[in-house]
Amino acid sequence: MSLFVRLADWHTDRDAIRGIRQKVFVEEQNVPPELEWDELEETAQHFLVYHDSKAIGTGRLTGGGKIGRMAIQREARGHGAGLELLQRICKFAGLSGQKNVYLNAQVQAIPFYEKAGFVPVGDEFMEAEIPHVRMERTLNDREPSENLDDWNR
């Protein structure tokens, strides 16, 4: 599966981002729409992952290094798109000066995030009526060199 992750802009890519998250979170996981969309949409750095020319997943990075709203369309799962997206968000966070990133992982997804170097921190809690746990990762500054300009080509 050929995958490509790019920076996304809420204003120009809103339809793709909303379409994916609507299917995954609101329809599949029954997250109330009023909880899915928040005041951080316009200031977050969004990402889209593509298979060929079709957007199949999205995620975002907000202040303080919080990764969130990661969603891969059902038919695209199991082919590495989620891991590729997560790694690219972490890479971007590091290039942007973050030393650590964190996320609130659905409990059933903990093994996925552990594969990407995240460690559970703290107790389980409920978010949108789904059990979650906070997970953190220290970013490695010995990654291969790349700069933010490479993202905009």
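- Between Gln29 and Ile130 the shortest side-chain heavy-atom distance falls below 4.5 Å.
- Using a 4.5 Å cut-off between side-chain heavy atoms of Ile, Leu, Val, Met, Phe, Trp and Tyr, with links allowed through other members, Trp10 and Val26 fall into different hydrophobic clusters.
- The structure places NZ of Lys23 at 9.0 Å from CD of Glu28, a figure rounded to the nearest 0.5 Å.
- A distance-only check finds no donor-acceptor pair linking the side chain of Arg60 to the backbone of Thr43 [under 3.5 Å].
- A 4.5 Å side-chain heavy-atom check between Leu61 and Phe47 finds at least one atom pair inside the cut-off.
- The minimum heavy-atom distance between Leu86 and Ala116, with the atom names listed, is CD2-CB, 3.4 Å.
- Distance alone, capped at 3.5 Å, is enough to place a donor-acceptor pair between the Asp9 side chain and the His11 backbone.
- Distance CG/Asn100 to NZ/Lys66: 15.5 Å, rounded to 0.5 Å.
- From Gln108, atom CD reaches atom NE2 of His132 across 8.5 Å, with rounding to the nearest 0.5 Å.
- Between Ala55 and Ala16, the shortest heavy-atom contact is CB-CB, 4.4 Å.
- Of the residues listed (Val133, Thr138, Ile110, Leu103), the one engaging Phe118 in a side-chain contact (heavy atoms from CB on, under 4.5 Å) is Leu103, and it is the only one.
- Between Pro131 and Gln106, the closest side-chain pair of non-hydrogen atoms is not below 4.5 Å.
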Can Leu139 and Val101 be said to form a side-chain contact (heavy atoms from CB on, under 4.5 Å), step by step?
-> CA-CA 7 Å; Leu139 298 174; Val101 288; 3.9 Å; yes
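- Heavy atoms only, all atoms of each residue included: Ala8 and Ile17 are closest at CB-CD1, 4.2 Å.
- Residues Arg88 and Val49 fail the side-chain proximity criterion, which asks for heavy atoms closer than 4.5 Å.
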Are Glu127 and Leu35 close enough, and set up right, to give a side-chain contact (heavy atoms from CB on, under 4.5 Å), and what steps lead you there?
-> CA-CA 9 Å; Glu127 188 172 88; Leu35 295 180; over 6 Å; no
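- Taken to the nearest 0.5 Å, the NZ atom of Lys115 stands 7.0 Å off from the CG atom of Leu83.
- A cation-pi arrangement, defined by a distance under 6.0 Å to the six-membered ring centre and an angle within 45 degrees of its axis, is absent between Arg6 and Tyr50.
- By the 4.5 Å heavy-atom criterion applied to side chains, Arg77 and Val24 are counted as neighbours.
- Applying the 6.0 Å contact sphere to CD of Glu129 captures no more than 12 heavy atoms from other residues, nucleotides or ligands.
- In this structure, Arg134 and Glu136 approach most closely via the heavy-atom pair NE-OE2, 2.8 Å.
- For the pair Lys54 and Gln73, the minimum side-chain heavy-atom distance is below 4.5 Å.
- Taking the side chain as every heavy atom from C-beta outward, Phe92 and Gln45 approach each other to under 4.5 Å.
- Between the side chain of Arg69 and the backbone N or O of Thr58, no donor-acceptor pair lies under 3.5 Å.
- Applying side-chain contact (heavy atoms from CB on, under 4.5 Å) to Ile56 and the options Ile20, Leu48, Leu3 leaves one that passes, Leu3.
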Criterion side-chain contact (heavy atoms from CB on, under 4.5 Å) on Met135 and Glu114, from CA distance to verdict | CA-CA 9 Å; Met135 297 187 78; Glu114 286 176 329; 3.7 Å; yes
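- There is no path of hydrophobic side-chain contacts, each under 4.5 Å, that joins Trp37 to Leu40.
- Taken to the nearest 0.5 Å, the CZ atom of Arg18 stands 8.5 Å off from the CD atom of Glu36.
- By the 4.5 Å heavy-atom criterion applied to side chains, Arg137 and Tyr113 are not counted as neighbours.
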Assess whether side-chain contact (heavy atoms from CB on, under 4.5 Å) is satisfied between Tyr102 and Val121, documenting all intermediate values.
-> CA-CA 10 Å; Tyr102 72 98; Val121 178; over 6 Å; no
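- Atom CE in Met70 sits 13.0 Å away from atom CG in Asn104 (nearest 0.5 Å).
- Ala44 and Thr62 make their closest contact through CB-CG2, 3.5 Å (heavy atoms, listed as atom of the first residue, atom of the second, distance).
- Between Glu41 and Arg21 there is a salt bridge, since a side-chain N of the basic residue sits under 4.0 Å from a carboxylate O of the acidic one.
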